[in-house]
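One structure is given here, and the rest of the page talks about it.
Only this structure's heavy atoms are used, side chains among them; waters, hydrogens and symmetry mates stay out. Each ligand, and each atom within it, is numbered from 1 in the order the structure gives.
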Amino acid sequence: MRSRPRAPETVAVAAGRPAATPGGPLNSPITLASALVPGGDSEYARHGNPTWTDFEAALGALEGGRALAFASGMAATTALLELVPPGGTVVAAAGSYYGTTSQLSERVRRGQVDLRLVDVTDTEAVVRASEDAALLWLESPTNPGLDVADIRTIASTVSAAGTAVAVDNTFATPLRQKPLELGADFVVHSASKLIAGHSDVVLGAVVTNDDRAYRALASRRSSHGAIPGALETYLALRGLRTLHVRLDRAEQNARELSSRLALAPQVTGLRYPGFGTIIAFEVAAGPVAAQKMTEVSRLITYATSLGGVESTWERRRRHTNEPVDVPESLVRLSVGIEHVDDLWDDLAAALDVVG
Ligand SMILES: *Cc1c(COP(=O)(O)O)cnc(C)c1O
């Protein structure tokens with residue numbers, strides 16, 4: 001008899017498999033269907049698809065809640081923000097993913113919500129700003145500033161006062177941070193990043209233990225139609241099976257690279273929270289040099305997005321919609337699972353080009 005819960009590494013491999021039937025597949029197949037045979041969970045594939053269900057079972061088991069997959073991280077974010085009552089106040093992490101803050105600003109412009117932006121590293125200020133708010137939206141670590149919130153202290157205080165707490169857990173993944181256990185009510189993911197892990201999927205998810213909110217989100221997904229694709233959920237589940245192995249290696253690389261970058265004279269404002277696979281730093285010689293550096297590398301790919309097996313980087317402000325409080329010369333490096341010496345050779349050569 002098993003006396004302890006399975007370790008997350010085992011859950012990542014074992015959860016969300018179809019019931020064993022002789023001759024049937026071990027892995028969840030890609031169910032391409034609009035209509036399904038009546039009598040099951042769903043008859044029409046906008047309301048449910050067995051491939052989504054298996055991905056959701058695995059992610060839910062890792063986060064410790066019930067997961068719902070959405071067409072993208074932003075579709076998941078939108079579904080959750082739609083639960084805020086009209087005129088309600090949302091408190092959000094300043095320096096969050098620009099897609100989230102720009103959607104919140106749009107909702108403010110349309111008179112749907114009030115918004116207060118907070119520094120997530122200032123626990124007292126976050127708690128104070130959340131009094132009488134409908135929703136506290138934390139992102140930790142933030143993208144791209146890598147600010148880290150004390151989720152346990154914040155969530156226990158804020159949630160007890162009746163404010164729902166959501167955490168965008170894209171950077172930490174359930175293997176480094178389990179917001180529901182820390183007292184949050186919702187976890188949001190861009191599964192496009194570390195969970196799927198191969199830069200070939202756009203997908204999102206919300207995870208919660210609140211049954212009423214789960215039903216409301218599921219019903220909105222059906223009625224608004226921001227549903228995931230069967231192929232995307234299949235690929236994300238396949239990616240999730242190796243999340244722990246990829247994360248361990250990429251994190252080991254990121255730790256090593258960040259300690260070498262700390263000694264590089266061309267680098268200022270180095271940020272690495274001590275865990276995870278993302279590093280941010282500024283290039284002392286300025287934005288033109290930062291841009292050049294990201295374009296001359298040969299192994300580290302000049303590309304947006306993050307969390308893939310391949311290392312990628314970019315100067316964030318090259319996107320005109322990136323918030324202006326992100327420094328012009330800030331480079332966000334997503335560390336992959338290559339050999340760290342090859343990554344450093346490439347990085348060091350790119351640093352040499354700028355000084
Ligand atoms: C990419 C990202 C999102 C948006 O997810 P999509 O899957 O691109 O829609 C949300 N939050 C964070 C932290 C992200 O990095």
Side-chain angles (χ1 to χ4, degrees), residues 52 55-56 59 63 67-82 90 92-106 117 120 135-149 151 166-177 179 184 186-207 221 224-229 231-233 235-237 239-240 243 247 250 254 271 273 275-280 303-308 312-314 316 319 321-323 326 330-336:
W52 311 351
F55 168 70
E56 290 167 345
L59 180 60
E63 286 284 8
L68 282 163
F70 285 85
S72 64
M74 285 317 301
T77 300
T78 303
L80 198 46
L81 292 178
E82 292 275 317
V90 179
S96 297
Y97 179 66
Y98 82 92
T100 304
T101 40
S102 68
Q103 180 176 153
L104 281 166
S105 306
E106 184 194 326
L117 290 178
V120 289
L135 176 69
L136 167 62
W137 185 280
L138 294 176
E139 188 175 290
S140 182
T142 56
N143 179 4
L146 299 171
D147 291 336
V148 173
I151 296 175
V167 178
D168 184 330
N169 206 25
T170 300
F171 275 26
T173 86
L175 298 178
R176 293 295 178 267
Q177 174 169 285
F186 300 96
V187 173
V188 180
H189 274 289
S190 169
S192 322
K193 315 290 170 54
L194 279 149
I195 287 179
H198 296 74
S199 309
D200 53 5
V201 167
V202 175
L203 187 73
V206 179
V207 193
R221 181 177 66 177
H224 295 185
I227 57 166
L231 175 63
E232 282 75 8
T233 39
L235 286 170
L237 180 54
L240 191 67
L243 175 61
L247 184 59
R271 300 154 207 228
F275 67 95
T277 66
I278 311 297
I279 299 171
T304 195
S305 200
L306 55 100
T312 57
W313 63 359
E314 67 174 341
R316 282 301 293 175
H319 301 286
N321 49 9
E322 187 73 0
V326 173
L330 182 133
V331 171
R332 188 187 66 194
L333 167 60
S334 170
V335 181

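Nearest protein neighbour of atom 2 (C) of ligand 1, counting heavy atoms only, is K193 NZ, 2.5 Å. Summary of contacts: the protein heavy atom closest to atom 4 (C) of ligand 1 is Y97 CE2, 3.4 Å. Given atom 7 (O) of ligand 1, the protein heavy atom at minimum distance is S192 OG, 2.6 Å.
Side-chain contact between W137 and T77: present, with at least one pair of heavy atoms (C-beta onward) separated by less than 4.5 Å. With contacts defined as side-chain heavy-atom distances shorter than 4.5 Å, the pair F70/T78 does not qualify.
A donor atom on one side chain and an acceptor atom on the other are not found under 3.5 Å apart for E139 and N169. H224 and E82 form no side-chain donor-acceptor contact under 3.5 Å, judged by distance and modelled atom types alone.
Note: no N/O pair closer than 3.5 Å links T100 and ligand 1 by distance alone. Checked against a 3.5 angstrom limit, the closest N/O atoms of G73 and ligand 1 fall inside it. Between M74 and ligand 1, at least one N/O pair is under 3.5 Å apart.
Within the listing of ligand 1, atoms 14 (C), 15 (O) sit less than 4.0 angstrom from a heavy atom of N143. The ligand atoms of ligand 1 that sit less than 4.0 angstrom from a heavy atom of D168 are 10 (C), 11 (N), 12 (C), 13 (C). Counting the atoms of ligand 1 from 1 in the order shown, those under 4.0 Å from a heavy atom of L203 are 7 (O).
The residues R221 and E56 are annotated as salt-bridged, a charged nitrogen and a carboxylate oxygen being separated by less than 4.0 angstrom.
Scanning both residues, A149 and S140, for their nearest heavy atoms gives N-OG, 2.8 Å.
One distance of note links CG of L194 with CG of L306; it measures 6.5 Å at 0.5 Å rounding.
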